[in-house]
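Taking it in order: structure first as structure tokens, then the write-up.
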Amino acid sequence: MKKEIKMNYKQGAMFGLDARIALAIFGALSVISGAALYSAIQKAKVTSLITEMNELGKAVDSYQLDTGVLPPFDIAAHNHMDAMELLNSSVYNWNGPYISGEQYGTTGTEVLNLKHSTYNYIGIRRMETASWGNLTIKNCTSASTPCALYIIIVEVPKSMADAIDQRIDGTLDDSNGKVRLYPAGTGWSVWMQYRPYSYQ
């Protein structure tokens, strides 16, 4: 009888050791799979933002194809395109809405942008394509200066802004390439060059 008890005790100890090893393995696998899941989620968010920016650019293209003109720019700064024209307009041959959304803000140039579901707002700008030294934005003010239309999303976390820059330009560089990053509020604004623009 005593031998039987000892044997059961040893088997129990062995089972306990096996269970601890199994738990350690499961724990390690959970950490690895959790990190992989987080990475996949971040990549999906980056892809989603880039898609949104491209969709806004395509909406501008469709507006221009139908009407023969671009949506107007603001009178004061001359570089903010009126994104609300994509939702509602009296321009001849307008056949929208070209995108869904709602107006952001109630005053100044804020009203020319669309609310963003996660961040602050999304809009369109015309800017010089030259290097933005020290993150200084260069307004498009002359037909002789190379300019482009930029899609902009405001107050994006720096890690997300960097990921977009890395995905599109293949390198992290705030002031060169198709993607430019600029501090804005509690985050960063991401400027993605959509297409060349000839100043008018």
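For clarity, every value in this text was computed on a predicted model and none was experimentally measured. Residues: numbered from 1 along the sequence shown.
- The minimum heavy-atom distance between L86 and A59, with the atom names listed, is CD2-O, 3.7 Å.
- Using a cutoff of 4.0 Å between basic side-chain nitrogens and carboxylate oxygens, D61 and R195 are scored as salt-bridged.
- Put simply, the side chain of L56 reaches to within 4.5 Å of the side chain of L114, judged on heavy atoms.
- In this structure, E85 and P72 have side chains that are in contact, with non-hydrogen atoms separated by less than 4.5 Å.
- Applying the salt bridge (Lys or Arg N to Asp or Glu O under 4.0 Å) rule to pairs touching residues 110-123 yields E102-K115, sequence neighbours excluded.
- M160 is listed as a side-chain neighbour of Q42, based on a closest heavy-atom distance under 4.5 Å.
- Without hydrogens or angle criteria, D82 side chain to M84 main chain gives a donor-acceptor distance under 3.5 Å.
- Annotation: side chain of I124 is not in contact with side chain of I152 (no heavy-atom distance under 4.5 Å).
- To the nearest 0.5 Å, atoms OG (S189) and OH (Y121) are separated by 7.5 Å.
- Rounded to the nearest 0.5 Å, atoms CG (L65) and OH (Y98) are 9.0 Å apart.
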Can I164 and K45 be said to form a side chain to side chain contact (heavy atoms under 4.5 Å, CB included), step by step? CA-CA 10 Å; I164 293 171; K45 286 180 179 179; over 6 Å; no

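- Remark: R126 qualifies as a cation-pi partner of F73 under the 6.0 Å distance and 45° angle criteria applied to the six-membered ring.
- Residues V156 and A161 approach most closely at CG1-N, 3.8 Å, considering heavy atoms.
- Residues that satisfy the ring pair (Phe, Tyr, Trp, His ring centres under 6.0 Å) test with Y194, not counting sequence neighbours, are absent from this structure.
- Hydrophobic clustering, defined by side-chain heavy atoms of Ile, Leu, Val, Met, Phe, Trp and Tyr closer than 4.5 Å, groups L112 together with V111.
- In this model, a donor atom of one side chain and an acceptor atom of the other lie less than 3.5 Å apart for N79 and N139.
- Note: M53 CE to S48 OG = 11.5 Å, rounded to the nearest 0.5 Å.
- Q166 places a side-chain N or O within donor-acceptor distance of the main-chain N or O of G170, the cut-off being under 3.5 Å.
- Separating the CG atom in N176 from the CG atom in D173 is a distance of 4.5 Å, to the nearest 0.5 Å.
- Looking at heavy atoms from C-beta onward, E52 lies out of side-chain contact with E55 at the 4.5 angstrom threshold.
- Taking 4.5 Å as the limit, every side-chain heavy atom of D165 sits out of range of all side-chain heavy atoms of K178.
- Judged as a side chain to side chain contact (heavy atoms under 4.5 Å, CB included), and not counting sequence neighbours, S117 has no contacts.
- Residue E128 holds its CD atom at 5.5 Å from SG of C147, rounded to the nearest 0.5 Å.
- A pairwise comparison of heavy atoms in G177 and Q193 identifies O-OE1, 4.5 Å as the closest pair.
- Checked against side chain to side chain contact (heavy atoms under 4.5 Å, CB included), N120 has the following partners two or more places apart in sequence or in another chain: Y104, V154, E155.
- L172 and V179 are not part of a single hydrophobic cluster, where members link through side-chain heavy atoms under 4.5 Å apart.
- The minimum heavy-atom distance between S89 and Y63, with the atom names listed, is OG-OH, 3.8 Å.
- Using a 4.5 Å heavy-atom cutoff, the side chains of V69 and Q64 are not in contact.
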Given R167 and T47, is the side-chain hydrogen bond (donor to acceptor under 3.5 Å, both in side chains) satisfied, shown in steps? CA-CA 9 Å; R167 175 81 65 87; T47 300; 3.0 Å; yes

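- When every heavy atom of S100 is checked against every heavy atom of L87, the shortest pair comes out as C-CD2, 4.1 Å.
- The closest side-chain donor-acceptor pair between N113 and R125 falls under 3.5 angstrom.
- In this structure, I50 CD1 and I153 CD1 are separated by 9.5 Å, a value rounded to the nearest 0.5 Å.
- Among residues two or more places apart in sequence or in another chain, the salt bridge (Lys or Arg N to Asp or Glu O under 4.0 Å) test is passed with D162 by K158.
- Using a 4.5 Å heavy-atom threshold, the side chains of Y119 and P157 count as touching.
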